[in-house]
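The next block holds one structure in the form of structure tokens; read it before the comments.
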Amino acid sequence: MEYSIGEFSKLTNLGIHTLRYYEHEHLITPGRNSSNRRCYTDKDLAWIDFIKRLKDTGMPIKEIQHYAELRAKGEPTLSERMEMLISHRKALNEQINQLQEHMKKLDEKIEFYQREIESITRE
């Protein structure tokens, strides 16, 4: 299926200006129809979803651009792309562990306040 930029914008929840920016930054390369208008496919939709996921998990735009360049080069870059994702996953796991530690400390502080409040109300 093919989508106009307006349709694609609605499907991805990205503004038209954002899509044009992504194209300018070589993150996406939409096709063109006979009228030279951008046309997007389901494959582009899946790619945008992945870009959004990388962004949401903290991958810097420069790394996403590098990943997109490698992707455009095809099969010879499979190993390098996999290594990038493994590295990103490692950083994400470290972030998750750090957030879990922060959560543990917050829980301990909340429990402290609960005990203190309970002891005051018992008096």
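- Expressed to the nearest 0.5 Å, how far CD of Gln114 lies from CG of Asp107 amounts to 9.5 Å.
- Residues Gly6 and Ile16 approach most closely at CA-CD1, 4.3 Å, considering heavy atoms.
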Q: Might you work through the side-chain contact (heavy atoms from CB on, under 4.5 Å) test for Gln100 and Ile96, ending with a clear yes or no?
A: CA-CA 6 Å; Gln100 287 173 334; Ile96 289 168; 3.9 Å; yes
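- Considering CZ of Arg115 and CZ of Phe112, their distance stands at 7.5 Å, rounded to 0.5 Å.
- Remark: Tyr21 engages no residue in a ring-ring contact (aromatic ring centres under 6.0 Å, His included) (not counting sequence neighbours).
- Glu118 is linked by a salt bridge (Lys or Arg N to Asp or Glu O under 4.0 Å) to Arg122, counting only residues two or more places apart in sequence or in another chain.
- Within 6.0 Å of CZ in Arg37 there are 12 or fewer heavy atoms belonging to other residues, nucleotides or ligands.
- With values rounded to the nearest 0.5 angstrom, Glu116 atom CD is found 13.0 Å from Glu111 atom CD.
- Note: Phe8 CZ to Ile28 CD1 = 6.0 Å, rounded to the nearest 0.5 Å.
- The shortest distance between side-chain heavy atoms of Arg38 and Glu23 falls below 4.5 Å.
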Would you give me the side-chain donor-acceptor pairs under 3.5 Å for residues 40-63, sequence neighbours excluded?
unit_1: Thr41; atom_1: OG1; unit_2: Lys43; atom_2: N; d: 3.3
unit_1: Thr41; atom_1: OG1; unit_2: Asp44; atom_2: N; d: 3.3
unit_1: Thr41; atom_1: OG1; unit_2: Asp44; atom_2: OD2; d: 3.3
unit_1: Asp42; atom_1: OD1; unit_2: Tyr3; atom_2: OH; d: 2.5
unit_1: Asp44; atom_1: OD2; unit_2: Thr41; atom_2: N; d: 2.9
unit_1: Trp47; atom_1: NE1; unit_2: Leu27; atom_2: O; d: 2.6
unit_1: Lys52; atom_1: NZ; unit_2: Thr12; atom_2: O; d: 2.4
unit_1: Thr57; atom_1: OG1; unit_2: Arg53; atom_2: O; d: 2.9
unit_1: Thr57; atom_1: OG1; unit_2: Leu54; atom_2: O; d: 3.0
unit_1: Thr57; atom_1: OG1; unit_2: His88; atom_2: NE2; d: 2.7

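- Hydrophobic clustering (side-chain heavy atoms under 4.5 Å, transitive across Ile, Leu, Val, Met, Phe, Trp, Tyr) keeps Ile86 apart from Leu70.
- Taking hydrophobic clusters as Ile, Leu, Val, Met, Phe, Trp and Tyr residues chained together by side-chain heavy-atom distances below 4.5 Å, Ile120 does not share a cluster with Ile110.
- Note on Leu78: it does not cluster hydrophobically with Tyr67, by side-chain heavy-atom contacts below 4.5 Å among ILVMFWY residues.
- In this structure, Arg71 contributes its side chain and His66 its backbone to no donor-acceptor pair below 3.5 Å.
- Closest approach of Asn33 and Cys39 over heavy atoms only: N-SG, 3.8 Å.
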Q: Quick one: do His26 and Glu69 satisfy side-chain contact (heavy atoms from CB on, under 4.5 Å)? Show the steps, please.
A: CA-CA 8 Å; His26 306 288; Glu69 289 168 11; 5.7 Å; no
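- Expressed to the nearest 0.5 Å, how far CG of Asn97 lies from CD of Glu101 amounts to 9.5 Å.
- Taking CZ of Arg32 as the reference point, atom OG of Ser34 lies at 12.5 Å (rounded to 0.5 Å).
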Q. Could you go step by step and tell me if Lys10 and Glu7 meet the salt bridge (charged side-chain N to carboxylate O under 4.0 Å, His left out) rule?
A. CA-CA 5 Å; Lys10 287 176 186 165; Glu7 293 168 328; over 6 Å; no
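- At distances below 3.5 Å, at least one donor-acceptor pair connects side-chain atoms of Thr121 with backbone N or O atoms of Ile117.
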